[in-house]
Structure formats: structure tokens, C-alpha cells
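Here the structure is a predicted model, which means the values were calculated and not measured.
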Amino acid sequence: MNRSEFLKASAVAGAALITDPLAARPFLTRMPATKYRTALVGSGWWGTNIVRAALQAGESKLVALCDVDQRQLVKAGEEVGKLTSDKPKLYKDYREMLTAEKPEIVIVATPDHWHPLIAIAAMQQGAHVYVEKPIGHTINEGKAMVRAARQTGRVCQVGTHRRISPHNRSGMEFLKSGKAGKIGMVRAFVHYGGGPGQPVPEEAPPKELDWDFWCGPAPMRAYNKQIHPRGFRNYLDYANGTLGDWGIHWLDQILWWTEEKYPRKVYSTGGRAIKKDSTDAPDHQVATYEFEDFTAVWEHRQFAGNNAEKTHPQQAVGVYFYGTEGTFHMGWLDGWTFYPVDRNKPIIHEDAKLHKPDDQNIPELWANFLEAIKTNKLPVSDIEIGHRSTNMALLGMLSLKLGRSVEWDGEKQVIKNDPEANKLLSRDYRGQWKYPVV
């Protein structure tokens, strides 16, 4: 898409947001006199997607792109050059960028292990932050991020865009209206097909990549092209596997539905039954979350694709809410569907309304982010909401590592009577990097 085509598409998208009651934002009706100085940290494919939405909204002046991989930095610069006349400066070190550019908005789209340090530094510098999910690698990092947002008074939006997707919103209205009856169990899942794979040898990092900086506060390990770019999710030094990646989206849907803020007990099991490649995250996992009024289950698998529940060619994904009046499936590409217990009643369905090319709703979430900044109100995916949803995934991983269940005190954010487990709420940082104060 060239710049003129982008501007036309922006106008159409803007009109759609104005007329859609789920996404109506009065500031989209005119071009603002000033624009927010905006910077991106982590210029890979997903970070570029977010910047595209920011530019389309028409309220950002892109002042900087920051990445430790020069290849991604140059590619992102070329991409945004087709969409805007802005001339963002290119940086490797986010600290230098924050000091020099003093951005008003910072997008954090790095691998998970970098989210807390960059987001906190940006907020302390005075910037509002849009940070990708999951918000961090450990629970105490999330606590520090929430504290930073509250102490600085900055808006911190988490990229759980399903909080604002039209079909997710209408589906939540359906569930909360009681039309599915009393719900006693919820099951969230993502199933990929696949085989064992094979190990990929370690090698010297590309000359354009500062691998030491990429690893940052996390453990330093030999470079492997399966880790970067885009493969870090399945390396536990830098992320938390499928549960940390996909799990937060669907566990967040559960927390959105219930009035309970956190589970009281968590147990998880799983492992690597099939995978033989260089990754170390579980290739299958089941986590059970005990709430006061219902039970939630997460499951994922990276082999033996589930054709019975497949919603599109690559995967089966979503959440089933099991109620006394029927079963409700909240999906992705397929929208939502309610299957009544009474066979004489019709199945109810609503299609998804997603944006190409990535079938997400980033523009709506970005619009809400801007509105929160202007009105000084919490956004729909506020950092505290993202923290709780991230905690669900991290507690599942923590239980898996311990090999036993844990009792969670959500108010104090500690594991009850379990010093060994509480040690896993943080981890040591490497080298010059200091763990956020919690």
C-alpha cells in the first residue's frame, strides 16, 4: 500500500469508527491541531502493525523507531516511509531515545522479557504507554508496572485487543445478561497441528543484531535463529510458551466475564511429549483455575490438530462457557456462537468484524487509548487488567515448574504459605539491569 492509498484507507477506516457505536470516538471527526510525539520500541512485524494503526488514526507524529536489530529497524523505517511524511530517527538504545526525543506516547512491542523495563522507563519519563501482552515475564514485574502507571498518572494500555473487538463485546453482553444461564465451568484452548521438528544448531548472531542487548535482563544464551526473529515465545528464558502467548487473550476473556478478579487455586501439568526441536516450552499443557463460583481450564497442544473444534485451517481456538441454558463459544475468526440446551431453540451466532491483513482490532484499541489520554480515564485494557490476565498465565507456568498446585492470595499478590513458590514471583536480572522495585 502506498501513501495515497493509505490515506484513502485511513479516511474510510475513520468513518467506520465514527459510525460504529462500539467504536465511536468524537476526536476522529477532525484532524487535531497537534499530534502526539510517538515512538516505537521493537520494530518487528507486530510493532509495525501497531504503528500502522497509530498513523491511520491521524494523531501521532512518529519521532523514533528503536530496535537492537538493525535489519528490523531499516525494514520498519522503509514501511512507515510509505505511509507518512514523518522522518523518525532510528535508535538501538531505548534509554537514549527517551532522553533525546521525549516522546509523549511509547509503543512497547519487544519480546516479553523487555516489556517491564521499557514501559516503566517510558512512564517515568512522562510518556503514555501502549504495551504488548503479556505485560512481563514474572508476576512482580507486573506489580511494578501497575505501580509506575499509578504513580506517574500515565495511561498504560495493554494490547489485549479482544477487549474491544465488536463480537467479543457483544458476546460479553450476551453472557452477562444471563442468557446462557448459570455458568459453572469455562474451558479455554488453542490447538495447533505439528510434528516433532528437529534441533537447529546454534550460531553466531547476525552482525546487524546486538544479541547481548536483545537478551538484556534475561539469561544470556547462544544465538539461535529459532529464537529471533519471532520464535522467542517457545524459549522460557524470554517468554512463557503458548500459555503466556495465546493464553492471556482467552484467560482475559474469562476475567472480563466474571466479577471475580483472580483464581484462588491453580494447578497445571504438561510437558514435551512430541517436540524434538531446540525450543524448551511445553508442547502441551493443561491448567486448572479454581474460582469461588466456577472452574476454568486452559489447554493447548502443538501437535495432533483438533479438527473437531477447528475454526479455521491453522488452529482450533477460543473459550467455551458451559451454562445451564446452553454452551457459548467465544471464537476469533468465527465470531461467537450459542448452542441452546433446548433443541427447539435456534442456535445464535454473530460474525467477527476484524481488520486485514492480521484479522485483529488494533485500530479500535488505539482509538480507546487516545480517548483515555484525553479524558484522563482508564482504558479498556488498562495495565491492571492486563496484569491480572498475565498473572493467570504466569501462575499456570509457576505451578507447572513446581509440579504442584498453588493457592493464590490475589489481594496481597503472594502464594499462601509457600516460600519456594514465592521465589518464582521474581527472577534475577543479568548484568547492569536492575529488577523493578515492587
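With sequence neighbours left out, Trp257 forms a ring pair (Phe, Tyr, Trp, His ring centres under 6.0 Å) with Phe294, Phe321. Among residues two or more places apart in sequence or in another chain, the ring pair (Phe, Tyr, Trp, His ring centres under 6.0 Å) test is passed with His249 by His161. Residues forming a salt bridge (charged side-chain N to carboxylate O under 4.0 Å, His left out) with Asp283 (at least two apart in sequence, or on another chain): none. By the side-chain contact (heavy atoms from CB on, under 4.5 Å) test, Ser268 pairs with Gln285, Ala287, Ser399, Leu400, sequence neighbours left out. Scored by the side-chain contact (heavy atoms from CB on, under 4.5 Å) test, Thr390 finds Pro134, Ile135, Ile248, Leu394 as partners (sequence neighbours excluded). For Glu203, the salt bridge (charged side-chain N to carboxylate O under 4.0 Å, His left out) criterion is met by no residue, not counting sequence neighbours. Under the salt bridge (charged side-chain N to carboxylate O under 4.0 Å, His left out) criterion, Arg187 pairs with Glu299, Glu309, not counting sequence neighbours. Thr242 is linked by a side-chain contact (heavy atoms from CB on, under 4.5 Å) to Val190, Asn234, Trp246, Trp298, His300, Gln302, counting only residues two or more places apart in sequence or in another chain. Qualifying side-chain contact (heavy atoms from CB on, under 4.5 Å) partners for Glu292, counting only residues two or more places apart in sequence or in other chains: Glu260, Arg264.
Looking at Asn168 and Gln253, their side chains do bring a donor and an acceptor atom within 3.5 Å of each other. With no hydrogens or angles considered, no side-chain donor-acceptor pair links His355 and Gln56 at under 3.5 Å. Side-chain atoms of Arg388 and Asn391 form no donor-acceptor pair, as typed in the model, at a separation below 3.5 Å. A donor-acceptor pair shorter than 3.5 Å can be found between the side chains of Thr160 and Ser381.
Ionic pairing of Asp277 and Arg272 is present here: one or more N-O contacts between side-chain nitrogen and carboxylate oxygen are shorter than 4.0 angstrom. Remark: Lys92 engages Asp210 in a salt bridge, criterion side-chain N to carboxylate O under 4.0 Å. For the pair Lys353 and Asp359, the salt-bridge criterion is not met [side-chain N within less than 4.0 Å of a carboxylate O].
Residues Met172 and Leu175 form a side-chain contact, since some pair of their non-hydrogen atoms from C-beta on lies under 4.5 Å apart. Residues Met97 and Lys89 are not in side-chain contact: their nearest non-hydrogen atoms beyond the backbone lie 4.5 Å or more apart. With a 4.5 Å cut-off on side-chain heavy atoms, Lys275 and Pro196 do not count as touching. When side chains are defined from C-beta on, Ile415 counts as touching Trp408, because their heavy atoms get closer than 4.5 Å. Side-chain contact between Gln360 and Leu354 is absent, with no heavy-atom pair separated by less than 4.5 Å. A heavy-atom distance below 4.5 Å is found between the side chains of Trp250 and Met330.
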Which is it for Arg150 and Glu384 under the salt bridge (charged side-chain N to carboxylate O under 4.0 Å, His left out) test, yes or no, and what are the steps along the way?
CA-CA 10 Å; Arg150 301 301 181 250; Glu384 189 167 356; 3.4 Å; yes
Step by step, work out the salt bridge (charged side-chain N to carboxylate O under 4.0 Å, His left out) result for Glu364 and Arg163.
CA-CA 10 Å; Glu364 289 87 345; Arg163 280 269 173 164; over 6 Å; no
Is there a salt bridge (charged side-chain N to carboxylate O under 4.0 Å, His left out) between Asp237 and Arg430? Walk through the geometry before answering.
CA-CA 12 Å; Asp237 283 337; Arg430 185 176 66 94; over 6 Å; no
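The side-chain hydrogen bond (donor to acceptor under 3.5 Å, both in side chains) pairs that include a residue from residues 102-124 are Asp112-Arg233, where partners are two or more places apart or lie in different chains. Sequence neighbours left out, the pairs with a member in residues 213-225 that pass side-chain hydrogen bond (donor to acceptor under 3.5 Å, both in side chains) are Trp214-His228. Listed by first then second residue, pairs satisfying ring pair (Phe, Tyr, Trp, His ring centres under 6.0 Å) with a partner in residues 65-93 number zero, not counting sequence neighbours.
Trp256 does not carry Arg162 over the face of its six-membered ring by the limits of under 6.0 Å from the centre and within 45° of the normal.
Heavy atoms from other residues, nucleotides or ligands lying under 6.0 Å from CD of Gln432 number more than 12. Residue Lys401 qualifies as enclosed at atom NZ: its count of foreign heavy atoms under 6.0 Å is above 12.
Between Phe213 and Trp433, the ring center distance clears the sub-6.0 Å criterion.
Although no hydrogens or angles enter the test, the distance criterion places a donor-acceptor pair under 3.5 Å between the side chain of Ser170 and the main chain of His167. Checking side-chain atoms of Thr84 against main-chain N and O of Asp86 turns up a donor-acceptor pair under 3.5 Å.
Between Tyr320 and His329, the ring planes lie tilted relative to each other; the angle falls in the 30° to 60° range.
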